[in-house]
2 protein chains.
Amino acid sequence: MAKATASSDDAFARFKSYLREQRLKSTAQRDVIVEVFLEGSGHASVEELYGRVRKRNPRIGYATVYRTMKLLTECGIADERHFRNGEARYEIAEKEHHDHLICERCGKIVEFEEDRIEALQEQAARKLGFELRGHKMELYGICADCRRKKSRG
Amino acid sequence: MAKATASSDDAFARFKSYLREQRLKSTAQRDVIVEVFLEGSGHASVEELYGRVRKRNPRIGYATVYRTMKLLTECGIADERHFRNGEARYEIAEKEHHDHLICERCGKIVEFEEDRIEALQEQAARKLGFELRGHKMELYGICADCRRKKSRG
DNA sequence: GCGAAATTGATACTCATTTTCAGTTAGCCA
DNA sequence: TGGCTAACTGAAAATGAGTATCAATTTCGC
Ligand SMILES: [Mn+2]
Ligand SMILES: [Mn+2]
Ligand SMILES: [Zn+2]
Ligand SMILES: [Zn+2]
C-alpha cells in the first residue's frame, strides 16, 4: 500500500487540476507514475521510476514515463536536475531552493542551502552586468562514511 | 598562419612530452587538432573544433577529434565543461580556476572567480561531513547588452 | 452513449559520443 | 636504412538518453 503524505496528496490533487485546466486527460498510467514519483525519496532517474512503475503495471511504456515526468515538470510539481553523468533526475519541487553535495565514491546526495553563497552569486552577476535568473551549483567530495571506510582499509 | 602565443607553444610542448612519456605517437592529425584547440578562444564544442580542423586537413575524422580532446583532458591541458545543453566544451586548463556566468538570451559566457564563494562552499561541505574535491557552479541570467536591446524594443 | 481530441505503447529516430575494425603509420631496434 | 609491431586513423556501426511517429485505444464534454 502506498504511503501518502499530506503533501503528496496535495501534489497529486494539483496535478489533477492542472490536467483539467489544460484540457488534458486523467489516465490510469499517469496516476501510477505520479504516485510512484511522489512516494519516492527524490533524485530518481527515469529508469528508476520506470522500474517502480512497472511493478504496479507492467504494461506502462517507457515513453509514457518520460511524457508524464515532463508534464510534472511543466506544472511545477517536479524539478528536473542533471548531475555529473547527465541523465535527468527528478525531485519534488515543493521544497525550498537548495543545492547539492554529492559523494564521488558512493553517490550519496545531500541537500543544502547557503544564503550567503546565494547573495554573493547575485552580487557577482550584478557586478558583471547580468540580471541573475538562476544558477546551478553542485559540490563534489567524499562523504564521512566513505572516508571512514577507506581509513580502516 | 597560426598565431602561437608563448603559453600555447608551451602547452603544445607539454602535449608532446605527454605522448612520449605514455609511449603514444605523435601524428599530424594530433598536431593539427591541438593547434586548433590552443589557438581558439575557449569553450569550443567538438563540432566547432572539427570545423576548424577540417579546414586545415579535411581528411581528419570526427572520431580523431574526440580522441584527441580526451587525451588533452587526461594530460591536463584541456578542461571539459558541460553547460546547459550538455554537449562537451573545452577550454585551456592553464588558467586559474573559475566559474561561468552565461547569458540565457545570447549565450555569452563570462568567466569569474569569487573567493568568498569558494570559501563558503568549502565550509558548507565540511559542515556536512564531506571532504570537498571539486564543484560546478554556473550562473544564468541576462547580460547587459541583451537587456539594453530589449528595453529599447 | 457519441465522437473528437488526447493518450498510449511500440518502435523508429535523433544527437552526442564511443566502439569497432581493417588498413595505415610512427618509432624502436637491428 | 629497413622491418616490425603496437599505436593510430577514418568510416561506419553501436550506444544511450530522450523525442517523435503512428495506429490503436481511451477519455470526457455534449
Ligand atoms: Mn534535491
Ligand atoms: Mn571558462
Ligand atoms: Zn560516500
Ligand atoms: Zn546576452
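In what follows, chains are A, B, ... by sequence order, proteins preceding strands, each numbered from 1. Every heavy atom of this structure was used, including side-chain atoms; hydrogens, water molecules and symmetry mates were not.
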- Which letters describe nucleotides 22-30 of chain C, given B = protein heavy atom under 4.0 Å from base, S = only from sugar-phosphate, - = neither? ---BBS---
- B:Glu111 and B:His43: side-chain donor and acceptor closer than 3.5 Å? yes
- Message: Please give me every residue in residues 58-70 of chain A whose heavy atoms get under 4.0 Å of an atom in DNA chain D, ordered by residue number.
- Response: A:Ala63, A:Tyr66, A:Arg67
- Message: Reading DNA chain D from 5' to 3', where do the contacts with chain A start and stop? Cut-off is 4.0 Å to heavy atoms.
- Response: D:dA17 to D:dC28
- Does the side chain of B:Val34 reach to within under 4.5 Å of the side chain of B:Leu72, using non-hydrogen atoms? yes
Taking only distance into account, with no hydrogens and no angle test, what donor-acceptor pairs under 3.5 Å do side-chain atoms of residues 12-20 of chain B form with protein atoms, sequence neighbours excluded?
residue : atom : partner : partner atom : Å
B:Lys16 : NZ   : B:Ser26 : OG           : 3.1
B:Lys16 : NZ   : B:Asp31 : OD1          : 2.8
B:Lys16 : NZ   : B:Asp31 : OD2          : 3.2
B:Ser17 : OG   : B:Ala13 : O            : 3.0

- Query: Should B:Phe37 and B:Ile92 be marked as a side-chain contact (heavy atoms from CB on, under 4.5 Å) after you check the CA-CA gap, both sets of side-chain angles, and the distance that decides it?
  - Reply: CA-CA 8 Å; B:Phe37 166 66; B:Ile92 295 174; 3.7 Å; yes
- Please tell me if the side chains of B:Leu139 and A:Lys136 come closer than 4.5 Å, counting only heavy atoms from C-beta onward. no
- Heavy-atom distance under 4.5 Å between the side chains of B:Glu113 and B:Asp115, does that happen here? yes
- Through what angle, rounded to 10 degrees, does the axis of the helix from C:dG1-D:dC30 to C:dA30-D:dT1 turn between its ends, using five pairs per end? 20°
- Task: Is it possible for you to say whether B:Ile109 and A:Phe130 belong to one hydrophobic cluster, with membership spreading through side-chain heavy-atom contacts below 4.5 Å?
- Result: no
- Task: Consider only side-chain heavy atoms of I, L, V, M, F, W and Y, link residues closer than 4.5 Å, and tell whether A:Phe83 and B:Leu128 are in one cluster.
- Result: no
- For residues 75-88 of chain A, which residue pairs qualify under salt bridge (charged side-chain N to carboxylate O under 4.0 Å, His left out), counting only residues two or more places apart or in two chains? A:Arg81-A:Glu91, A:Arg84-A:Glu104, A:Glu87-A:Arg89
- Note on the structure: Assign each of B:Val46 and A:Tyr50 the nucleotide of DNA chain C bearing its closest heavy atom; nearer the 5' end lies the nucleotide of A:Tyr50
- Task: Could I get the full list of ring pair (Phe, Tyr, Trp, His ring centres under 6.0 Å) partners for B:His98, not counting sequence neighbours?
- Result: B:His100
- Message: Near DNA chain D, counting only heavy atoms under 4.0 Å, which residues of residues 77-88 of chain B show up?
- Response: none
- Query: What residues form a side chain to side chain contact (heavy atoms under 4.5 Å, CB included) with A:Arg105, not counting sequence neighbours?
  - Reply: A:Cys103, A:Ile142, A:Cys146, A:Lys150, B:Arg133
- Shortest non-hydrogen separation from B:Thr73 to B:Met69 and the atoms involved: OG1-O, 2.7 Å
- Query: Which whole-number value in Å describes the distance from A:Arg30 CZ to C:dA6 C1'?
  - Reply: 8 Å
- side chain to side chain contact (heavy atoms under 4.5 Å, CB included) partners for B:Asp99, two or more places apart: B:His97, B:Phe112, B:Glu118, B:His135, B:Met137
- With A:Tyr50 via side chain to side chain contact (heavy atoms under 4.5 Å, CB included) - residues at least two apart: A:Arg54, A:Tyr62, A:Val65
- Query: Taking only side-chain nitrogens and oxygens of A:Gln29, does any of them come within less than 4.0 Å of OP1 or OP2 of C:dG9?
  - Reply: yes
- Item | Residues which pass salt bridge (Lys or Arg N to Asp or Glu O under 4.0 Å) with A:Lys108, listed by chain and number, not counting sequence neighbours | A:Asp145
